[in-house]
Chemist: 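The structure's right below; bear with me while I get my questions together.
Every number for a ligand or one of its atoms is a count from 1 in the order of the listing. When a residue number appears, it is its place in the shown sequence, counting from 1. Computed from heavy atoms alone, side chains included, the values below leave out hydrogens, waters and symmetry copies. From a predicted model like this one, the values you see are computed outputs, not experimental measurements.
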Amino acid sequence: MIILDGPSGNGIGKNISKILKMPYASVEYKIFPDGESYIRIPTLPKDDSVVVVQSTFAPQEKHILELVFIADTLKKMGVRQITAVIPYLAYTRQNKSFRENESVGINSVARLLKDSGIDSIVTVEPHTNEIKSVFGAKVKILGTSELFAKALAKVVSNPFVISTDKGDLERAKSLAKLLKCDYDFIEKERDIRTNEVRAKTPIKSDLNGKEAIIFDDVISTGGTIELAARLASSKGAKKIIVAAAHLVMAGDAYERIVNAGVKEIYGTNTVPFPKAKIIDISEEIAKALK
Ligand code: R5P
């Protein structure tokens, strides 16, 4: 097995290859003057199976298409088994039509990846699991509760976990179990025209003297965390910490979150975001590839 970092591998491929002691290469890559991507795969040691690491943070379409170029080229080179490690899988929040004739982005992305010759996928906490409708059992989904619990246990003494979604309670439960503390949730509703979020069900628990850990899979505009942080603060939380696998942080998300009283932001290197405490996900991915 050879590990290959794509242009948006964020160095994770290199880390995995060191952990697994496997041959490593990175894709030759440049941008043409008109903005198109150039991809070339270096000559690889003879092997039937290649693992490509390519995250699909912004610009999402570019990174998805580069992954397609890589897979296509590997097939042309005679590689039989392609595993795509996609630490952050874009479009998983476009998983249904909210209005008539809306595109369902993740379905199109999944088919595109399959058609390019990718056999299996390893990804981290996708917002939804539609990728499985195309790749079936050949998708491995990795969680982040253990990683965050390990890091957070060192900095909290009286934690309390808050989920930003009732439907996502299992993740919060697992983090709370590892941190040996209680958990609660908020229920929000989003105005699909303005993208603003409002509380449908606020936090019921008393957070006096507690470190509130708001746990989410992804932070995009920061609206959800802003809301959750203000609610936690109104319930008396002494410190507000955020942990989210994917720090997409669109626009002024960081400022919104900090202004809402969040003191620390924890994320992973599925998406590059230098202003947070970043936990390396490579070890978990390496374990999944073994
Ligand atoms: C949605 O339910 C997700 O779990 C996140 O809470 C959401 O996508 C975050 O988006 P934003 O940062 O724009 O509120």
Chemist: So, 4.0 Å and heavy atoms of E226: is ligand 1 close enough to count as a contact?
Modeler: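 Checking ligand 1 against E226, which is what was asked, there is no heavy-atom contact under 4.0 Å.
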
Chemist: Between K188, R93, H246, flag the one that comes closest to atom 2 (O) of ligand 1 by a heavy atom.
Modeler: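 Nearest heavy atom to atom 2 (O) of ligand 1 lies in K188.
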
Chemist: Relative to the heavy atoms of I219, which atoms of ligand 1 are at a distance of less than 4.0 Å?
Modeler: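 This gives 12 (O) as the contact atoms.
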
Chemist: Output yes when the distance from some N or O of ligand 1 to some N or O of G222 is under 3.5 Å, and no in every other case.
Modeler: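 Yes, since at least one N or O of G222 sits under 3.5 Å from an N or O of ligand 1.
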
Chemist: Using a 4.0 Å heavy-atom threshold (strictly under), name the region of T221 that reaches ligand 1: side chain, backbone, both or neither.
Modeler: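 Under 4.0 Å from ligand 1, T221 contributes backbone and side-chain atoms.
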
Chemist: Looking only at protein heavy atoms, which one is nearest to atom 9 (C) of ligand 1, and how far off is it?
Modeler: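 Looking at atom 9 (C) of ligand 1, the protein heavy atom closest to it is V218 O, 3.4 Å.
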
Chemist: Would you call K287-E283 a salt bridge at under 4.0 Å N-O?
Modeler: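 Looking at E283 together with K287, the answer is no, because their closest N to O distance does not fall below 4.0 Å.
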
Chemist: For a salt bridge (Lys or Arg N to Asp or Glu O under 4.0 Å) with E196, tell me which candidate from K188, R256, R190 qualifies.
Modeler: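 Considering K188, R256, R190, a salt bridge (Lys or Arg N to Asp or Glu O under 4.0 Å) with E196 is found only for R256.
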
Chemist: If only atom types and distance count, is the side chain of D5 paired as donor or acceptor with the main-chain N or O of K14 below 3.5 Å?
Modeler: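 Pair found, side chain donor or acceptor close to backbone of K14.
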
Chemist: Tell me the contacting part of T224 for ligand 1: side chain, backbone, both, or neither, using a 4.0 Å heavy-atom threshold, strictly below.
Modeler: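 Near ligand 1, T224 shows its backbone as well as its side chain.
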
Chemist: Would you please say whether a donor-acceptor pair under 3.5 Å links the side chains of K62 and S37?
Modeler: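 Result is yes, a qualifying pair exists.
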
Chemist: Please work out whether the ring planes of F57 and H63 are parallel, tilted or perpendicular, with thresholds of 30° and 60°.
Modeler: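 The arrangement is perpendicular - the two ring planes meet at more than 60°.
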
Chemist: Hydrogens and angles aside, do T270 and S55 bring a side-chain donor and acceptor to less than 3.5 Å of each other?
Modeler: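 Not at all, the side chains of T270 and S55 share no donor-acceptor pair under 3.5 Å.
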
Chemist: Can you tell me the protein heavy atom closest to atom 6 (O) of ligand 1 and the distance?
Modeler: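 In this structure, atom 6 (O) of ligand 1 has D216 OD2, 2.6 Å as its nearest protein heavy atom.
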
Chemist: Under a 3.5 Å distance rule, please check whether S97 uses its side chain to pair with a backbone N or O of E102 as donor and acceptor.
Modeler: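 Such a contact is found between S97 side chain and E102 backbone.
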
Chemist: State if D165 counts as touching ligand 1 under the rule of any non-hydrogen atom under 4.0 Å.
Modeler: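 It does; at least one heavy atom falls under 4.0 Å.
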
Chemist: Using a strict 4.0 Å cut-off to heavy atoms of G223, name the atoms of ligand 1 that fall inside it.
Modeler: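 Answer, ordered by atom number: 12 (O), 14 (O).
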
Chemist: Who's the nearest protein heavy-atom neighbour of atom 7 (C) of ligand 1, and how far?
Modeler: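 Residue, atom and distance for the closest contact: R190 NH2, 3.7 Å.
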
Chemist: Any N or O on N195 sitting closer than 3.5 Å to an N or O of ligand 1?
Modeler: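 In this structure, N195 places no N or O atom under 3.5 Å from an N or O of ligand 1.
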
Chemist: Taking I12 as the starting point, is it possible to reach L147 by hopping between hydrophobic residues whose side chains are less than 4.5 Å apart?
Modeler: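 L147 and I12: one cluster.
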
